[in-house]
Peer 1: 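This is the structure I have questions about; it appears just below.
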Amino acid sequence: MVENGRQIAAALRHLDSYGSEEGSRKLAESMAFFLVDRAESRHAGWRVVRQVIVDSASDAPWERCARRAVPLIVEDLTTLDEDAGRTPLHRAQHLAARRRAETIAPFVDPAPVLKDLGLVAPKWLSDEQWAEGLMDAVRARSREGVSRALAESLGLERIADASYD
């Protein structure tokens, strides 16, 4: 039923309680596929980050990266029972959006993205830092928010601010 978008709350409650049990893995996989698909239409932060990447003329393998995010999301979902409390859908969806950003990061050149956002690109930026920056940027709701999130996460200056040095 999860594949059809039904019983999502019940599935999350089950994973909250029994996620680490082997029998829950299939449910976690179904939830992961559901969350990956849902990020495209329902997670505002992921949609903005995706649009920023598209606007920078990056040619990323979107579907392949979506498939690569699934096992990471499954791991996240199966460890939910280690956290205290209930996992609402929006939190699970945010986990999926972060994982989608993480899997797309290696295929996106940071220089054009940062330039397009008005940020001074650092001379050296590791792949891990770039992935973490994109993961942090999915909390943004606008292009300006993505710019601020990347600047904060990566410790970057805005181009306008750089002229005052």
Side-chain angles (χ1 to χ4, degrees), residues 1-16 18-83 86-114 116-117 125-143 145-147 149-150 152-154:
M1 288 201 277
V2 168
E3 294 167 355
N4 296 326
R6 300 187 338 224
Q7 298 296 322
I8 302 303
L12 283 172
R13 281 192 303 273
H14 178 83
L15 291 171
D16 280 337
Y18 308 106
S20 60
E21 293 180 8
E22 190 57 38
S24 296
R25 187 135 189 103
K26 181 67 176 158
L27 177 60
E29 287 174 8
S30 294
M31 279 295 297
F33 281 108
F34 169 77
L35 293 168
V36 163
D37 288 341
R38 185 178 165 92
E40 269 322 299
S41 62
R42 299 287 180 104
H43 195 279
W46 168 248
R47 288 194 320 260
V48 172
V49 167
R50 181 183 169 114
Q51 190 59 50
V52 164
I53 292 170
V54 168
D55 290 347
S56 74
S58 292
D59 189 26
W62 297 103
E63 291 306 314
R64 183 171 76 183
C65 291
R67 287 189 305 272
R68 286 183 177 178
V70 168
L72 301 172
I73 298 165
V74 168
E75 291 305 314
D76 291 341
L77 291 173
T78 56
T79 59
L80 288 176
D81 65 337
E82 296 170 7
D83 296 335
R86 185 178 71 82
T87 302
L89 176 58
H90 69 87
R91 182 171 162 227
Q93 185 62 67
H94 189 67
L95 289 170
R98 287 181 54 85
R99 292 303 192 170
R100 289 204 66 180
E102 179 183 18
T103 58
I104 205 75
F107 300 98
V108 177
D109 183 12
V113 172
L114 296 174
D116 194 37
L117 291 172
L125 183 65
S126 73
D127 293 341
E128 293 80 20
Q129 289 172 315
W130 177 237
E132 190 63 38
L134 284 180
M135 289 169 67
D136 289 345
V138 299
R139 72 175 188 258
R141 300 279 183 170
S142 66
R143 187 176 185 79
V146 169
S147 179
L150 283 171
E152 181 181 304
S153 179
L154 301 174

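Values below: every heavy atom of this structure, side chains too, minus hydrogens, waters and symmetry copies. Quantities reported herein were computed from a predicted structural model and do not represent experimental measurements.
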Peer 1: Can you check side chain to side chain contact (heavy atoms under 4.5 Å, CB included) on Trp62 and Ile53, steps first, answer last?
Peer 2: CA-CA 11 Å; Trp62 297 103; Ile53 292 170; 3.7 Å; yes
Peer 1: Leu15 vs Leu27, test: side chain to side chain contact (heavy atoms under 4.5 Å, CB included). Steps then yes/no.
Peer 2: CA-CA 8 Å; Leu15 291 171; Leu27 177 60; 4.1 Å; yes
Peer 1: Give every residue pair that meets the side-chain hydrogen bond (donor to acceptor under 3.5 Å, both in side chains) criterion with at least one member in residues 44-53, sequence neighbours excluded.
Peer 2: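 Listed by first then second residue: Glu40-Trp46, Glu40-Arg50, Gln51-Asp55.
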Peer 1: Take Thr78 and Ser24 through the test side chain to side chain contact (heavy atoms under 4.5 Å, CB included) and record every step on the way to the result.
Peer 2: CA-CA 7 Å; Thr78 56; Ser24 296; 5.6 Å; no
Peer 1: What distance do Asp136 atom CG and Gln129 atom CD have between them, rounded to the nearest 0.5 Å?
Peer 2: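 Reported to 0.5 Å precision, the distance equals 11.5 Å.
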Peer 1: Got a sec, which pairs hit salt bridge (Lys or Arg N to Asp or Glu O under 4.0 Å) with one end in residues 70-80, sequence neighbours left out?
Peer 2: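 Checked against salt bridge (Lys or Arg N to Asp or Glu O under 4.0 Å) - neighbours excluded - the pairs reaching residues 70-80 are Arg25-Glu75, Asp76-Arg99.
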Peer 1: Could you tell me which residues satisfy side chain to side chain contact (heavy atoms under 4.5 Å, CB included) with Ser56, sequence neighbours excluded, listed by chain and number?
Peer 2: Ser58, Pro112, Val113
Peer 1: Got a second to check how far Met135's CE is from Glu128's CD, nearest 0.5 Å?
Peer 2: 12.0 Å
Peer 1: Mind checking side chain to side chain contact (heavy atoms under 4.5 Å, CB included) for Ala111 and listing every partner two or more places apart, or none if nothing turns up?
Peer 2: Asp109
Peer 1: Write out all pairs satisfying salt bridge (Lys or Arg N to Asp or Glu O under 4.0 Å) with one or both partners inside residues 28-38, taking only residues at least two apart or from two chains.
Peer 2: none
Peer 1: If I compare all heavy atoms of Ala140 with all of Val146, which pair ends up nearest, and what's the gap?
Peer 2: CB-N, 3.3 Å
Peer 1: Give me the atom names and distance for the closest heavy-atom approach of Cys65 to Thr103.
Peer 2: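 That closest heavy-atom pairing would be O-OG1, 3.0 Å.
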Peer 1: At what distance, to the nearest 0.5 angstrom, does CG of Leu35 lie from CZ of Arg100?
Peer 2: 11.0 Å
Peer 1: Minimum heavy-atom separation for Val52 and Arg143, please, with both atom names.
Peer 2: CG2-NH1, 3.5 Å
Peer 1: Could you note down all residue pairs passing salt bridge (Lys or Arg N to Asp or Glu O under 4.0 Å) where residues 58-71 supplies at least one of them, sequence neighbours left out?
Peer 2: none
Peer 1: For Leu134 versus Leu150, what's the shortest heavy-atom pair and its separation?
Peer 2: N-CD2, 3.9 Å
Peer 1: As an exercise, state the distance from CH2 of Trp130 to CG of Leu154, rounded to the nearest 0.5 Å.
Peer 2: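 Answer rounded to 0.5 Å: 7.0 Å.
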Peer 1: I need the minimum non-hydrogen distance between Leu12 and Ala92, along with the two atoms involved.
Peer 2: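 Closest pair (atom of Leu12, atom of Ala92, distance): CD2-CB, 3.9 Å.
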Peer 1: Could you walk me through whether Arg98 and Leu72 pass side chain to side chain contact (heavy atoms under 4.5 Å, CB included), step by step?
Peer 2: CA-CA 10 Å; Arg98 287 181 54 85; Leu72 301 172; over 6 Å; no
Peer 1: Nearest heavy-atom pair of Val74 and Ala28: which atoms, and what distance?
Peer 2: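 Closest heavy-atom pair between Val74 and Ala28: CG2-O, 3.8 Å.
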Peer 1: Looking at OG1 of Thr87 and CG of Leu77, how far apart are the two atoms once the value is rounded to the nearest 0.5 Å?
Peer 2: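 Answer rounded to 0.5 Å: 8.5 Å.
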Peer 1: Rounded to the nearest 0.5 Å, what separates atom OG in Ser153 from atom CZ in Arg139?
Peer 2: 7.5 Å
